[in-house]
A.B. asks: 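Pasting in a structure now, in structure tokens, and then I'll have a few things to ask.
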Number of protein chains: 4
Amino acid sequence: MEFKKNIPIYLQIMDKLKQDISLKVIEPGGKLMSTRELAVKLKVNPNTVSRVYRELESENIVFTKRGMGTFVVEDENILQNIKNNMANDIVVKFIRDMSNLNISPEEAIKMLKEIEEE
Amino acid sequence: MEFKKNIPIYLQIMDKLKQDISLKVIEPGGKLMSTRELAVKLKVNPNTVSRVYRELESENIVFTKRGMGTFVVEDENILQNIKNNMANDIVVKFIRDMSNLNISPEEAIKMLKEIEEE
Amino acid sequence: MEFKKNIPIYLQIMDKLKQDISLKVIEPGGKLMSTRELAVKLKVNPNTVSRVYRELESENIVFTKRGMGTFVVEDENILQNIKNNMANDIVVKFIRDMSNLNISPEEAIKMLKEIEEE
Amino acid sequence: MEFKKNIPIYLQIMDKLKQDISLKVIEPGGKLMSTRELAVKLKVNPNTVSRVYRELESENIVFTKRGMGTFVVEDENILQNIKNNMANDIVVKFIRDMSNLNISPEEAIKMLKEIEEE
DNA sequence: GTGGTCTAGACCACA
DNA sequence: GTGGTCTAGACCACT
């Protein structure tokens, strides 16, 4: 995994994990890699992974069992919502950004189709 | 103008000015407010505005005449491009963000239309 | 290092670093001194060094790893080009300056040889 | 006459006048345009031209007769030297700049010839 | 400890 | 009055 320059690494890792969870690459209730293990794999500082897990926990996406590791929650609804919320946020932001440029949603959709075809 | 917390103020001012320029709120060849004037208006430090003007100049959107002020370039093509580039960046980022969530452009467009109707 | 009066300090530091990098006094991929460290050494404000690093980054000569420091790029081609560009700029300026005085390149070269022998 | 961006206008005008004087476009003892006249012609602020004349006077290249105007000195030696001094300064600076890049005068001359041929 | 940003306030050259 | 540079010192996010 390569990291983009202008976005905090911990956020990039968080997003990747959220994707994996929402797409069930990691099963509900499944165990995440240990912070140390993941840090080695991604070549980042263990503190950075710690922060990722801490933030995911505060979003109720994972939980920690002392001495056991970190696990994905089993509540299907929560998992269901992760993807929806992320997508919704992105779409809303997109509409706002375009309207700031005086570009209507219809025009925006037209641009989307054009760029998609390239 | 109120500033978001997570984005550097100078970038937010830059974006606002780019919008104003691309929408011709500020005429091609027109003069921007002086650094001090804009700083007072936005309640930021003159240095921050200075940086904005410097970066806009390095993007060839404005130019400065020593002791005279800072002006929008007169080249219509460049101005045309500002808006296009900004819009393009937004659309590309949108497609990328959605595809990271395993959402196809078609689905994305569907969501766009739904949210628009709300 | 002593600074000339008429040239911005940050430009003088930039040029010195470019020299050091192009002459491989600082290795490709190597780490620059931290902003604070260099600021102390040169007896300038950390902000001034910060600006130097920012501008070098915008010229793709160095890059920064968040919280880690600032590093010389590893692309040998880019490094090759720094020296060539700097030298080329100097030569072109020289020719232009001399021709403004109605001195042909041939005469210029003659003067060069004379002065060199002194 | 168009002005370069990074060099003070008054210096650019000074250099142009020195050239004209050293190349005898303006005769020894001849009269310069009035500050006002030159300012209009160059589309610059009269203060700027004033400064040019003041600096030229302090270099003993011109002198002012109250109510009469500004004139080029008649001393041929001084005029002779203007060109030589300017050229010499340029050559010395060139050698210094190149040696900073670890480029010997011989290599510098080779580059000069190459660029000249382009 | 690292760079990034920001404020406050100063001085300068230029027009 | 204009932008450009610099210092001093602070706070922040990231590693």
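In what follows, every heavy atom counts, from backbone to side chain, and hydrogens, waters and symmetry copies are set aside. Below, chains carry the letters A, B, ... as their sequence lines are ordered, and counting in each starts from 1.
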A.B. asks: Taking only side-chain nitrogens and oxygens of C:Thr35, does any of them come within less than 4.0 Å of OP1 or OP2 of E:dG3?
C.D. replies: yes
A.B. asks: Hey, does the side chain of C:Thr64 come within less than 4.0 Å of E:dG3's phosphate (OP1/OP2), counting only N and O?
C.D. replies: no
A.B. asks: Indicate whether OP1 or OP2 belonging to F:dT2 is found under 4.0 Å from a side-chain N or O atom of B:Ser34.
C.D. replies: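 Checking F:dT2 against B:Ser34, a side-chain N or O does come within under 4.0 Å of OP1 or OP2.
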A.B. asks: Salt bridge or not between C:Arg51 and C:Glu55? Use side-chain N to carboxylate O under 4.0 Å.
C.D. replies: yes
A.B. asks: Both C:Ile7 and C:Gly67 contact DNA chain F. Which one's nearest nucleotide lies toward the 5' end?
C.D. replies: C:Ile7
A.B. asks: For a quick test of reading the model: is some side-chain N or O of B:Tyr10 closer than 4.0 Å to OP1 or OP2 of E:dT5?
C.D. replies: yes
A.B. asks: Could you pick out which residue, C:Lys65 or B:Pro8, lies toward the 5' side of DNA chain E when each is mapped onto its nearest nucleotide?
C.D. replies: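 Counting from the 5' end, the first nearest nucleotide belongs to C:Lys65.
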A.B. asks: Which string of ( ) [ ] | and . matches DNA chain F, if you list each base 5' to 3' and count Watson-Crick or G-U pairs only when both distances are under 3.5 Å?
C.D. replies: ||||||||||||||.
A.B. asks: F:dG4 P sits how many Å from B:Tyr53 OH, rounded?
C.D. replies: 10 Å
A.B. asks: Could you tell me whether the side chain of C:Tyr53 reaches within less than 4.5 Å of the side chain of C:Thr35, counting heavy atoms only?
C.D. replies: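 C:Thr35 vs C:Tyr53: side chains touch.
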A.B. asks: Would a 4.5 Å heavy-atom cut-off, applied to side chains only, mark C:Thr70 and C:Leu56 as touching?
C.D. replies: no
A.B. asks: Mind calculating the distance between NZ (C:Lys5) and C1' (E:dC12) to the nearest angstrom?
C.D. replies: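 For the pair C:Lys5 NZ and E:dC12 C1', the rounded distance is 10 Å.
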A.B. asks: Looking at D:Asp97 and D:Lys93, is any side-chain nitrogen of the basic one under 4.0 Å from a carboxylate oxygen of the acidic one?
C.D. replies: yes
A.B. asks: When you check the gap from the basic side-chain N to the acidic O, do C:Glu76 and C:Lys24 get nearer than 4.0 Å?
C.D. replies: yes
A.B. asks: Nearest 0.5 Å, please: how far is NZ in B:Lys18 from CG in B:Leu11?
C.D. replies: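 The NZ atom of B:Lys18 is 8.5 Å from CG of B:Leu11, to the nearest 0.5 Å.
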A.B. asks: Without decimals, in angstroms, what is the distance between C:Ile13 CD1 and F:dC6 C1'?
C.D. replies: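 Rounded to whole Å, this separation is 11 Å.
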A.B. asks: Which ones in residues 39-51 of chain C lie close to DNA chain F, meaning a heavy atom under 4.0 Å from one of its atoms?
C.D. replies: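 Within this stretch, C:Val44, C:Asn45, C:Asn47, C:Thr48, C:Arg51 sit under 4.0 Å of the strand.
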A.B. asks: How many Å lie between CG on C:Leu11 and C1' on F:dG4, as a whole number?
C.D. replies: 11 Å
A.B. asks: Any N or O donor-acceptor pair under 3.5 Å from the base of E:dG1 to the side chain of C:Arg36?
C.D. replies: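 Between E:dG1 and C:Arg36, which were checked side chain against base, a qualifying N/O pair under 3.5 Å is absent.
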A.B. asks: To the nearest 0.5 Å, how far apart are CZ in B:Arg36 and CG in B:Asn45?
C.D. replies: 11.0 Å
A.B. asks: Below 4.0 angstrom from OP1 or OP2 of E:dG3, is there any side-chain N or O of C:Arg66?
C.D. replies: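 Checking E:dG3 against C:Arg66, no side-chain N or O comes under 4.0 Å of OP1 or OP2.
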A.B. asks: Please round to the nearest 0.5 Å and tell me the distance separating atom CE of A:Met98 and atom CD1 of A:Ile103.
C.D. replies: 4.0 Å
A.B. asks: Between C:Met14 (CE) and F:dC6 (P), how many Å, whole number?
C.D. replies: 12 Å
A.B. asks: Round to the nearest Å and state the distance from B:Ile9 atom CD1 to E:dA8 atom P.
C.D. replies: 11 Å
A.B. asks: Taking C-beta and beyond as the side chain, do A:Phe94 and B:Val91 meet within less than 4.5 Å on heavy atoms?
C.D. replies: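 A side-chain contact under 4.5 Å exists here.
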A.B. asks: Any chance you could measure C:Asn84, atom CG, to C:Ser22, atom OG, to the nearest 0.5 Å?
C.D. replies: 9.0 Å
A.B. asks: Round to a whole Å and report the spacing from CD of C:Glu55 to P of E:dG4.
C.D. replies: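 Nearest whole value for this atom pair: 12 Å.
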A.B. asks: Given atom CG of B:Asn6 and atom P of E:dG4, what is their separation to the nearest angstrom?
C.D. replies: 18 Å
